[in-house]
Amino acid sequence: MSTNRKQTLGEFIIENQKSFQYSSGELSKLINAIRLAAKVVNHEVNKAGLVDIIGTAGETNIQGENQQKLDVFANEKFIQTLTNREIVCGIASEEEDSFISINSSDENHQNKYVVLIDPLDGSSNIDVNVSVGTIFSIYRRVTPVGTPATLEDFLQPGNQQVAAGYVVYGTSTMIVYTTGDGVNGFTLNPALGTFYLSHPNMTFPETGKIYSVNEGNYVHFSQGVKDFIKYCQMEEGDRPYTSRYIGSLVSDFHRNMIKGGIYMYPKSSVTGNGKLRLLYECNPMAFIAEQANGMAIGGKTRILDIQPTELHQRVPFFCGSRKMVEKLQEFLEKYH
Ligand SMILES: O=P(O)(O)OC[C@H]1O[C@](O)(COP(=O)(O)O)[C@@H](O)[C@@H]1O
Ligand SMILES: [Mg+2]
Ligand SMILES: [Mg+2]
């Protein structure tokens, strides 16, 4: 490979398969399936507005949210691609009430993995041409191979993830993922339909000057969160920080990982435990954050140590540059 040609995602997957602790090629096939589905969804996202893919689908999901047509499209494409490739024994999705158990056509299938996905993240931004994403989390099953997957396979703490990642459909389309050996980002060359390693070994700067939170909910936040936001806004030292909030978790996280910053979706007096879902939003982003020297907490607890109890449970989420999350923790602890 000539030195200045960037490695493709396909080449990277094969090369790094060897360093993966459970390397049997299955996880590589799984990442490849996600790559394929991401390209199909990207194609549709890029022509949102031209084709009948914007607006609501007329259904609500188990969380009572109006499903957008692109939520439904992305959900179908990821489930289809993963099912057709016969590499997982179960899939859970934001857009599905319960998990889907995948029985392979070959009775002695060895499918060892379950996938949890947020097929389209940042749904409120679809119709207004603002970047959106897809989030995925992968676990080895805990129930015996060859038997149908059970809820137990999905309700594993985040520290058991074997891989996690996201796709950001923005000014360019990227896949960013980890298999527990650092974080790498790949940008799609739309002309060639190929993802290239554009961001090797991504890491959060230790601190930053960006804070991301929906300040419209400020009055409902706990005193600790309010004090931290005021701290970010104070004229002192390297502050005030800049407020940036896209309203798509993937895009806000991606920017903060590159520039340094903190994303917050706190619990509030109106939304109880906040809005973000532990299993297919917070856990995968927390795994990536930690693999990139960042930090992710739910308040007192490390996100990855939370024992899940429900498929669609929500948790408060604070994630980003280590020094900024530690500073927030100081403010939260003042009121515990
Ligand atoms: O509009 P709010 O309340 O600030 O919420 C925005 C947050 O909700 C989300 O859109 C939730 O994700 P979905 O779009 O997948 O439901 C996040 O991407 C985003 O950070
Ligand atoms: Mg989401
Ligand atoms: Mg979603």
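Order of listing sets the numbers, starting from 1, for every ligand and every atom in it.
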### Shortest non-hydrogen contact between Phe317 and Leu276, atoms and distance
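For Phe317 and Leu276, the tightest heavy-atom pair comes out as CD2-CD1, 3.7 Å.
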
Which residue and non-hydrogen atom of the protein lie closest to [atom], and at what distance in Å?
atom	answer
atom 4 (O) of ligand 1	Tyr245 OH, 2.6 Å
atom 5 (O) of ligand 1	Lys275 NZ, 3.0 Å
atom 20 (O) of ligand 1	Tyr263 OH, 2.9 Å
atom 3 (O) of ligand 1	Tyr265 OH, 2.6 Å
atom 19 (C) of ligand 1	Gly247 O, 3.3 Å

Identify, by atom number and element, the atoms of ligand 1 in contact range of [X], meaning under 4.0 Å from any of its heavy atoms.
X	value
Asn214	2 (P), 3 (O), 4 (O)
Leu249	17 (C), 18 (O), 19 (C), 20 (O)
Asp118	15 (O)
Glu281	11 (C), 12 (O), 13 (P), 15 (O)
Glu94	13 (P), 15 (O), 16 (O)

### Query
Are the side chains of Glu94 and Glu65 in touch, meaning some heavy atoms are under 4.5 Å apart?
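With C-beta onward as the side chain, the pair touches.
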
### Task
Test Glu290 against Arg302 for salt bridge (charged side-chain N to carboxylate O under 4.0 Å, His left out), laying out the working first.
CA-CA 10 Å; Glu290 290 199 4; Arg302 178 183 174 232; 2.8 Å; yes

### Message
Which residue is it: Lys327, Lys323, Arg322? I am looking for the one with a salt bridge (Lys or Arg N to Asp or Glu O under 4.0 Å) to Glu206.
### Response
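It is Lys323, the one option of Lys327, Lys323, Arg322 that forms the salt bridge (Lys or Arg N to Asp or Glu O under 4.0 Å) with Glu206.
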
### Query
When you check the space around the Mg ion (ligand 3), which protein N, O or S atoms turn up under 2.8 Å?
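Within the sphere that stays under 2.8 Å of the Mg ion (ligand 3), the protein atoms of type N, O or S are Glu94 OE1, Asp118 OD1, Leu120 O.
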
### Query
Is there a heavy atom of Gln63 sitting under 4.0 angstrom from any atom of ligand 1?
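Gln63: no contact with ligand 1 (<4.0 Å).
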
### Message
Heavy atom to atom 14 (O) of ligand 1, shortest distance: which of Gly122, Pro119, Gly274 holds it?
### Response
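Among Gly122, Pro119, Gly274, the closest heavy atom to atom 14 (O) of ligand 1 comes from Gly122.
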
### Query
So, is Asn217 polar-close to ligand 1, with some N/O to N/O distance under 3.5 Å?
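Asn217 vs ligand 1: no N/O contact under 3.5 Å.
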
### Query
So, is Val250 polar-close to ligand 1, with some N/O to N/O distance under 3.5 Å?
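It does not: no N or O of Val250 is found under 3.5 Å from an N or O of ligand 1.
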
### Task
Please say whether the positively charged group of Lys230, taken as NZ for Lys or CZ for Arg, lies over the ring of Tyr218, i.e. under 6.0 angstrom from the six-membered ring centre and within 45 degrees of the axis.
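The answer is yes; both the distance and angle limits are met.
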
